[in-house]
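First the structure, in the form of structure tokens, and then the observations on it.
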Protein chains: 2
Amino acid sequence: MAARAGVSVGTVSNVLNHPGQVRPATVEKVRAVIEELGFTPNANARSLAGADSRTIGLVVVDLRNTLFVDIARGAQREAAAEGMNLLVTNSDSDDSLQDAHLELFESARVSGVLLAPLSDPAVGVQRVRRHGTPLVVINYDTGREDCCTVLVDNERVGHLAARHMIELGRRRLAWVSELGALQPVQQRQVGVRRAVREAGRGVGLTEIDTQHVDGSHARTAVERLLAVPARHRPDAVVAVTDLLGASIVQELQEAGLSVPGDIAVMGCDHDARAWGGAIPLTTVRLEGEEMGVAAVRLLAEEVAEGGGHVHRTVVVQPSLLVRESSAGRVPVPGPTTTRALGSTRRGV
Amino acid sequence: MAARAGVSVGTVSNVLNHPGQVRPATVEKVRAVIEELGFTPNANARSLAGADSRTIGLVVVDLRNTLFVDIARGAQREAAAEGMNLLVTNSDSDDSLQDAHLELFESARVSGVLLAPLSDPAVGVQRVRRHGTPLVVINYDTGREDCCTVLVDNERVGHLAARHMIELGRRRLAWVSELGALQPVQQRQVGVRRAVREAGRGVGLTEIDTQHVDGSHARTAVERLLAVPARHRPDAVVAVTDLLGASIVQELQEAGLSVPGDIAVMGCDHDARAWGGAIPLTTVRLEGEEMGVAAVRLLAEEVAEGGGHVHRTVVVQPSLLVRESSAGRVPVPGPTTTRALGSTRRGV
DNA sequence: CTGAAAGCGCTTACAG
DNA sequence: CTGAAAGCGCTTACAG
């Protein structure tokens, strides 16, 4: 095709892929023609002929959750640094869509796949592994030995949250969450329980099941709270997600209670979707970008090392972000101490 | 390969693509082997051999801006409805990355490309068009006749915003924005000016240039506001984005002014990133999902109609979302009127 | 340094 | 209904 410009296809291919092996004058000439014709090589043919795609596919469970956007950004940045491209797909919490996306990437023969699933992705992972495509699972502990994993220390998430409430002087904690099958949720619960146990006598824990991790059942949860006589009522709520936490704040206010006066509330995830409420929500922040970077590094290792690769797990640590819903309206800091929007107190 | 299971490759291909033309028993047999071997057809070979990819590429300027996540979700939903897959790429406000992503999709020979750019994407668009790949530009009016476009009525965005402030009784409006080259910004400004003009005598407008559309120069803008003697000072600020609006709220509070008491503030975009401030921000909401759906429809039309396609522009209407930063703390609605988080008053 | 040839895994007419 | 053949646009050895 573009070879019409004097040389053979083989030579065009060489100026594209191994310009060092071609006489400079020829390189010039070919490049000029490429430019002139606006030639874009067919990546499909390229891949078929054996070149690797330099493309990574990322399947994410929910792009509205800013954690996953952060993961995508971190992954993108690191991919670019390694000379690769990142393609993102949103499964929107739909397991069958997730499998379809995995298969889409598989069929495109990408160099590797990153998967941030909602629940155990066993079937999908197995399929991908069967083809020998490198795969890194993000934010879910599969317990598998056959792929790398990037995890949040979810037990620590729960522990940081509950301990924060205890340190604020709260004594009757409530853990409000889906109490069923979701793994990160269970781990957070373990952390919450441990913090309460460590606090010793005088600190108690109530667990309330909302069936869902979003805010859809916040009302029922709040009704449960209010059914308890005021003096035995929980004075602190740790919600499994920000979405649920924010809804609880809203329901409590509608019921005439003050937050954090009567009941302190916090969520987990640092999810921007939940930031629309009247009271800024305390949360435990997950470091998404760091997770994305780590995932691409693991993937690149596996691509480079091939069969001899030993699978690893990287655990990223969360951090506490204190805002009004637990600590009350924080005095506005002086001009010299705040810069970025939302840079409230942060630390353990 | 899988043809090892009794039949020829041609037949395997037929059961995959035209199962009607194959004897049911053969279809059964082949499918069983496909299942058994975990066979995933090579999409690259498929595409090379002339089948179309059924894949759409979406290049988005900034995934942290929830508008673009909404666009991606709408596009995804509509793509699925048309039996296509959506691949998303985030250019992170980097024009050269954006061009690289366009080229990536081009080289993959996707069925069509969706582009949500920050500024005039002329070069990239031209390249894509040269190859004859269908392309729809989202959220930017290129003025080109050679592709379809999905736009927000940005003049209306500005008009809704300014009129809201005027209807609230504010008389000295400030339009705070980058006042330079960005097209959507200019259009919003036109709308703001028109609303002020329509309000007649007694309503005035000050325009303050922040150089950027994010919150980075909010402080300087606020200093400019405060330099004006109190009785002539603007009593309403319309910021070009929520990010800027939220930062202005914060700066005003740090300066000891009350929002909306002394100065009402609002943003535009309905951008979740800006929702972390102490006061929920009034905004003009852009209907991202609707935009994504419209874009995929236009693309599908063009794919179906081929060369005879006539390019069109679809304009999506914004809506006002009133919250505390302009209207004050809204009385908490009764249990029967609120459901979803953040469902505050909404309408013209 | 450059060209001609084989082959990547498919699909699509075309014979049988 | 099924198989054999050609061809999609590349890359990679291999001759020259």
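Per chain, numbering begins at 1; letters A, B, ... match sequence-line order.
Residue B/Asn42 places no side-chain N or O under 4.0 Å from the OP1 or OP2 atom of C/dC10. Side-chain nitrogen and oxygen atoms of B/Arg46 include none within less than 4.0 Å of the OP1 or OP2 phosphate oxygen of C/dG9. In this structure, B/Thr11 reaches the D/dG3 phosphate: one of its side-chain N or O atoms is under 4.0 Å from OP1 or OP2. Look at B/His18 and you won't find any side-chain N or O under 4.0 angstrom from OP1 or OP2 of C/dT11.
Here the side chain of B/Ala51 is nearest to one of C/dT11, C/dG9, D/dT11, namely C/dT11. Side-chain atoms of B/Thr26 lie closest to D/dC1 of the nucleotides D/dC10, C/dT12, D/dC1.
No contact: B/Ser47 has no heavy atom under 4.0 Å from any strand. Using a 4.0 Å heavy-atom distance criterion, A/Asn44 is classed as making no nucleic acid contact.
Rounded to a whole Å, the CG atom of B/Leu16 is 6 Å from the P atom of C/dT11. Atom pair B/Leu48:CG and C/dG7:P shows a separation of 17 Å (rounding to whole Å applied). One interatomic measurement links the two molecules: CG of A/Leu37 to P of D/dG9, which rounds to 14 Å at whole-angstrom precision. Rounded to a whole Å, the CD1 atom of B/Ile34 is 13 Å from the C1' atom of C/dC10. Distance, B/Gln21 CD to D/dG3 P: 14 Å, rounded to whole Å. Taking atom CZ on B/Arg54 and atom C1' on C/dT11, their separation rounds to 16 Å, with Å as the unit. Atom CG of B/Asn14 and atom P of C/dC14 are 14 Å apart (whole Å). As rounded to whole Å, 8 Å separates atom P of C/dC1 from atom CZ of A/Arg23.
Nearer to the 5' terminus of DNA chain D, by closest-nucleotide assignment, is the contact made by B/Val22 (compared with the other of B/Gly50 and B/Val22). Heavy-atom distances to DNA chain C give each of A/Ala49 and A/Gly10 a nearest nucleotide, and the one nearer the 5′ end belongs to A/Gly10.
The backbone N or O of B/Ser111 sits nowhere less than 3.5 Å from a side-chain atom of B/Asp52 that would complete a donor-acceptor pair. Side-chain atoms of A/His101 do not come within 3.5 Å of backbone N or O of A/Val59 as any donor-acceptor pair. Without hydrogens or angle criteria, B/Arg129 side chain to B/Asp146 main chain gives a donor-acceptor distance under 3.5 Å. Under a 3.5 Å cut-off, the side chain of A/Asp92 and the backbone N or O of A/Asp94 do not form any donor-acceptor pair.
Checking C/dG3 for Watson-Crick or G-U wobble geometry (two distances, each under 3.5 Å) identifies D/dC14 as its partner.
For the 3.5 Å distance criterion, the side chains of B/Arg46 and B/Asn17 qualify, holding a donor opposite an acceptor.
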